Amino acid sequence: MGVSTSYFNVLENIPLSKNKTVMVGKPKGHQDRQIVADTFFAEGSQRILITADVAVFKNLARLSQVPKNQINKFLPDTHPSGFDVTINHRTIRVIPISGK
């Protein structure tokens, strides 16, 4: 089973390295980026990613309308209902949670 062009295009737009402005996951966070890409292609009318991974939710917030001065480890407190991220005309809701 091959990867569709649409999936590859979304995955390609989830930044991969420190040379990009936004990086999801750590430098070797391939699995993190695949989980995010899978969420964009999930079935249903509302695609939701719930994560306690600070590197994931902070960097996805940079792709959203969250004000830059609010992008920090306190996103679960300041945006408990989450925020939307759109890549290639596909939108997911990211809900950051505390990983205590």
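Side chains included, hydrogens not; waters and symmetry mates left out as well; all remaining heavy atoms used. Small disclaimer: the values here were computed from a predicted structure and weren't measured.
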(message) If I compare all heavy atoms of Pro96 with all of Gly82, which pair ends up nearest, and what's the gap?
(response) CD-CA, 3.9 Å
(request) Might you point out which heavy atoms bring Leu11 and Ala37 nearest each other, and give the distance in Å? (result) CD1-CB, 3.9 Å
(message) Looking at Arg93 and Ile48, would you say the former's side chain and the latter's main chain have a donor-acceptor pair under 3.5 Å?
(response) no
(message) If we ignore hydrogens and angles and just use 3.5 Å, is the side chain of Thr91 paired with the main-chain N or O of Ile87 as donor and acceptor?
(response) no
(message) Let's go through Leu75 and Val66 carefully: what are the C-alpha distance in whole Å and the side-chain angles of both, what is the deciding distance for side-chain contact (heavy atoms from CB on, under 4.5 Å) to 0.1 Å, and is it a yes or a no?
(response) CA-CA 9 Å; Leu75 273 171; Val66 174; 4.0 Å; yes
(message) Among residues at least two apart in sequence or on other chains, which ones pass ring pair (Phe, Tyr, Trp, His ring centres under 6.0 Å) with Phe41?
(response) Tyr7
(request) Give a yes or no on whether Ile35 and Val56 share a hydrophobic cluster (residues Ile, Leu, Val, Met, Phe, Trp, Tyr; joining criterion: side-chain heavy atoms under 4.5 Å apart). (result) yes
(message) Please determine whether side-chain contact (heavy atoms from CB on, under 4.5 Å) holds for the pair Leu60 and Leu49, giving the CA-CA distance in whole Å, both sets of side-chain angles, and the decisive distance to 0.1 Å.
(response) CA-CA 11 Å; Leu60 286 172; Leu49 174 68; 3.9 Å; yes
(request) Take Val85 and Phe40, measure what side-chain contact (heavy atoms from CB on, under 4.5 Å) needs, and give me the verdict at the end. (result) CA-CA 9 Å; Val85 175; Phe40 279 98; 4.1 Å; yes
(message) List the residues meeting side chain to side chain donor-acceptor pair (under 3.5 Å) with Gln70, not counting sequence neighbours, and say none if there are none.
(response)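 In terms of side chain to side chain donor-acceptor pair (under 3.5 Å), with neighbours along the sequence ignored, Gln70 is linked to His79.
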(message) With side-chain contact (heavy atoms from CB on, under 4.5 Å) as the criterion, how do Arg47 and Arg90 come out once you've worked through the C-alpha distance, each side chain's angles and the decisive distance to 0.1 Å?
(response) CA-CA 9 Å; Arg47 297 168 181 98; Arg90 293 178 177 270; 4.2 Å; yes
(message) To the nearest 0.5 Å, what is the distance between OG on Ser6 and CG on Asn88?
(response) 8.0 Å
